[in-house]
Trainee: 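Once you've had a glance at the structure underneath, I'll fire off some questions.
Throughout, numbering of the chain's residues begins at 1 and tracks the sequence.
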Amino acid sequence: MKTKIAMIQMDIAFGDPAANRRKAEAEIKEAADQGSALILLPELWTTGYDLTRLEEIAEDMEGPTHQLLQKLARDYSVTIAGSIAERDRESFYNTMVVYDEQGSRLLKYRKVHLFRLMDEEKYLESGDTQGTFHLHNVPLAGAICYDIRFPEWMRTEMLDGARGLMVVAEWPKPRVDHWRSLLISRAIENQCFVMACNRSGSDPNNTFGGHSLIIDPWGTVVAEGGLDEEIVYGEVDFSEVEAIRRQIPIFQDRRPDLYQ
């Protein structure tokens with residue numbers, strides 16, 4: 001059974017959660033009207049990398065952004081994913097959430113690998129749990145931007161049988177070739193679908209690369225965006241993964257006793 005995916009490749013208003021929520025709400029409605037079942041938003045889509053103002057603009061897990069996503073997921077009977085600046089007492093995290101059609105939270109994954117080139121380690125705490133969850137009984141995994149440069153982490157998430165990897169990002173334009181190459185590699189080596197939503201536009205310090213991607217387990221690009229704002233659509237059939245893994249049984253042929 002095929003699942004229609006929508007990736008909202010939006011420009012993000014720097015440090016303006018209210019404006020970004022309004023924009024995302026309209027885009028989510030459009031994607032739902034097109035029959036999408038799973039909708040991805042970019043990394044830190046409510047705030048961008050305005051990390052110096054997290055005291056003002058980050059929110060807890062019951063904040064207005066979460067309430068909005070729960071409502072939209074229920075109203076449109078869709079699953080919505082993206083990452084948000086989370087406040088937990090005196091600490092801040094880059095946290096990916098997934099809400100299903102009932103508005104239930106399926107995932108809270110705090111970014112494990114903090115990106116020094118954008119000063120994450122100065123303002124954010126690192127997570128310490130995997131981003132695995134089930135959507136309609138299909139095991140999936142979530143990752144945030146810089147995480148994809150760590151294939152051992154992606155493999156750790158995949159060892160429980162995940163059939164798809166969902167990535168949200170603010171990946172800069174100068175390294176967009178790395179973005180594409182890394183995502184294709186993660187799809188091939190893990191024999192899974194990759195659904196990766198990047199932002200477009202710019203902030204005071206960076207220009208971002210767009211090129212949101214859906215990639216099948218053979219490494220074939222199913223759908224790809226350009227540089228500008230758009231909703232990128234594509235379809236995946238998670239049932240194909242098991243047949244591919246039987247054909248080339250890399251998970252059975254691993255030698256973890258030697259991987260020390």
Side-chain angles (χ1 to χ4, degrees), residues 1-10 24-25 27-43 45 69-83 96-109 130-144 147-148 154 157-158 160-169 180 183-184 186-198 210-225 230-247 251:
M1 179 178 176
K2 290 189 175 181
T3 300
K4 186 168 185 178
I5 312 292
M7 297 178 294
I8 298 177
Q9 186 174 287
M10 59 186 278
E25 183 172 2
E27 301 277 301
I28 289 168
K29 181 181 186 303
E30 180 178 339
D33 287 345
Q34 294 299 314
S36 304
L38 175 59
I39 300 172
L40 274 64
L41 292 155
E43 178 183 19
W45 64 271
L69 293 181
Q70 288 175 306
K71 180 180 185 300
L72 295 176
R74 287 194 301 264
D75 288 351
Y76 299 127
S77 295
V78 296
T79 297
I80 307 173
S83 98
M96 183 178 185
V97 293
V98 179
Y99 290 98
D100 70 9
E101 300 96 321
Q102 287 76 46
S104 299
R105 186 184 297 142
L106 301 181
L107 175 68
K108 183 181 86 169
Y109 165 68
Q130 292 183 30
T132 52
F133 65 103
H134 281 75
L135 175 63
H136 303 151
N137 296 317
V138 176
L140 299 174
I144 303 175
D147 283 335
I148 68 171
M154 300 295 91
E157 291 203 314
M158 288 290 153
D160 290 332
R163 298 179 186 176
L165 175 65
M166 292 173 21
V167 182
V168 299
R180 296 186 82 259
L183 290 169
I184 291 169
R186 300 297 83 86
I188 294 169
E189 70 197 10
N190 292 299
Q191 297 173 312
C192 70
F193 284 95
V194 170
M195 302 146 285
C197 181
N198 194 25
H211 284 271
S212 299
L213 287 158
I214 298 174
I215 305 161
D216 76 11
W218 293 114
T220 301
V221 174
V222 174
E224 182 171 3
E230 62 178 301
I231 303 177
V232 181
Y233 295 99
E235 292 186 336
V236 304
D237 185 348
F238 293 116
S239 67
E240 295 175 1
V241 171
E242 295 309 310
I244 292 168
R245 289 179 177 177
R246 285 194 299 270
Q247 185 174 345
F251 285 88

Trainee: For a quick test of reading the model, state the closest non-hydrogen atom pair linking Leu41 to Met10 and the distance between them.
Mentor: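 In terms of heavy atoms, the two residues are closest at CD2-SD, 4.1 Å.
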
Trainee: Does the side chain of Ile214 reach to within under 4.5 Å of the side chain of Met7, using non-hydrogen atoms?
Mentor: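 Answer yes - side chains close enough.
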
Trainee: Which heavy atom in Glu43 sits nearest to a heavy atom in Ile144, and how many Å separate them?
Mentor: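 Minimum heavy-atom contact is OE2-CG2, 3.3 Å.
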
Trainee: So, Asp237 side chain and Lys2 main chain: donor-acceptor pair closer than 3.5 Å or not?
Mentor: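 Answer holds: no.
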
Trainee: If you take all heavy atoms of Met96 and Ala81, which pair is closest and at what distance?
Mentor: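 Heavy atoms only, the tightest pair is CE-CB, 4.4 Å.
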
Trainee: Between Arg245 (side chain only) and Phe251 (backbone N and O only), is there a donor and an acceptor less than 3.5 Å apart?
Mentor: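 Judged by distance alone, no pair lies under 3.5 Å.
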
Trainee: As an exercise, state the distance from CZ of Phe238 to CG of Leu140, rounded to the nearest 0.5 Å.
Mentor: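 If we round to the nearest 0.5 Å, Phe238:CZ and Leu140:CG are 5.0 Å apart.
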
Trainee: Rounded to the nearest 0.5 Å, how far does CG of Asp160 lie from CZ of Phe133?
Mentor: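 CG of Asp160 is found 13.5 Å from CZ of Phe133.
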
Trainee: Test your reading of the model: is there a side-chain donor-acceptor pair from Glu157 to the backbone of Ala162, 3.5 Å cut-off?
Mentor: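 Absent.
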
Trainee: So which heavy atom on Cys197 is nearest to which on Ser212, and how close?
Mentor: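 Closest pair (atom of Cys197, atom of Ser212, distance): CA-OG, 3.6 Å.
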
Trainee: Got Ile80 and Leu72 here, is their nearest side-chain heavy-atom distance under 4.5 Å?
Mentor: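 Touching, per the 4.5 Å side-chain cut-off.
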
Trainee: So Met1 and Ser239, do their side chains get closer than 4.5 Å, heavy atoms only?
Mentor: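 Ser239 does not reach Met1 side chain to side chain.
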
Trainee: Taking only Lys NZ, Arg NE, NH1 and NH2, and the carboxylate oxygens of Asp or Glu, determine whether Arg163 and Glu240 approach each other closer than 4.0 Å.
Mentor: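 No, no charged N to carboxylate O under 4.0 Å.
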
Trainee: Measuring from atom CD of Glu242 to atom CD of Gln247, what distance do you get when rounded to the nearest 0.5 angstrom?
Mentor: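 So the gap between those two atoms works out to 13.0 Å.
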
Trainee: How long is the gap from CD on Glu25 to OH on Tyr76, to the nearest 0.5 Å?
Mentor: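 Atom-to-atom, Glu25:CD and Tyr76:OH are 6.0 Å apart.
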
Trainee: Apply the side-chain hydrogen bond (donor to acceptor under 3.5 Å, both in side chains) test between His211 and each candidate in Glu224, Arg180, Gln9; give the one that qualifies.
Mentor: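 Looking at Glu224, Arg180, Gln9, the match for His211 under the side-chain hydrogen bond (donor to acceptor under 3.5 Å, both in side chains) is Glu224.
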
Trainee: So do the side chains of Arg186 and Met158 get within less than 4.5 Å of each other, counting heavy atoms only?
Mentor: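 No, every pair of side-chain atoms sits at 4.5 Å or beyond.
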
Trainee: Within a strict 4.5 Å, meaning less than it, do heavy atoms of the Tyr109 and Met166 side chains meet?
Mentor: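 A side-chain contact under 4.5 Å is absent here.
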
Trainee: Quick one: CG on Leu165 to CD1 on Ile148, what's the gap to the nearest 0.5 Å?
Mentor: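 Leu165 atom CG to Ile148 atom CD1 measures 8.5 Å (nearest 0.5 Å).
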
Trainee: Mind running side-chain contact (heavy atoms from CB on, under 4.5 Å) on Leu183 and Val167 for me, showing each step along the way?
Mentor: CA-CA 9 Å; Leu183 290 169; Val167 182; 4.1 Å; yes

Trainee: Roughly how far, to the nearest 0.5 Å, is the CD atom of Glu101 from the CZ atom of Arg74?
Mentor: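 Answer for the CZ-CD pair, Arg74 versus Glu101, is 12.5 Å.
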
Trainee: Find out whether Val221 and Ile184 are in side-chain contact, i.e. whether some heavy atom of one side chain is under 4.5 Å from a heavy atom of the other.
Mentor: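 Yes, their side chains come closer than 4.5 Å.
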
Trainee: What pair of heavy atoms forms the shortest contact from Gly161 to Pro139, and how long is it?
Mentor: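 For Gly161 and Pro139, the tightest heavy-atom pair comes out as O-CG, 3.3 Å.
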
Trainee: So do the side chains of Glu235 and Val222 get within less than 4.5 Å of each other, counting heavy atoms only?
Mentor: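 In short, these two side chains do not touch, never coming nearer than 4.5 Å.
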
Trainee: Only one of Thr79, Leu38, Leu107 forms a side-chain contact (heavy atoms from CB on, under 4.5 Å) with Asp100, so which one is it?
Mentor: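 Result for side-chain contact (heavy atoms from CB on, under 4.5 Å) with Asp100: Thr79.
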
Trainee: For Pro42 and Ala169, which heavy atoms make the closest approach, and how far apart are they?
Mentor: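 Looking at all heavy atoms of both residues, the shortest contact is CB-O, 3.7 Å.
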
Trainee: Under a 4.5 Å cut-off applied to non-hydrogen side-chain atoms, are Val236 and Ile5 in contact?
Mentor: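 Yes, side chains in contact.
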
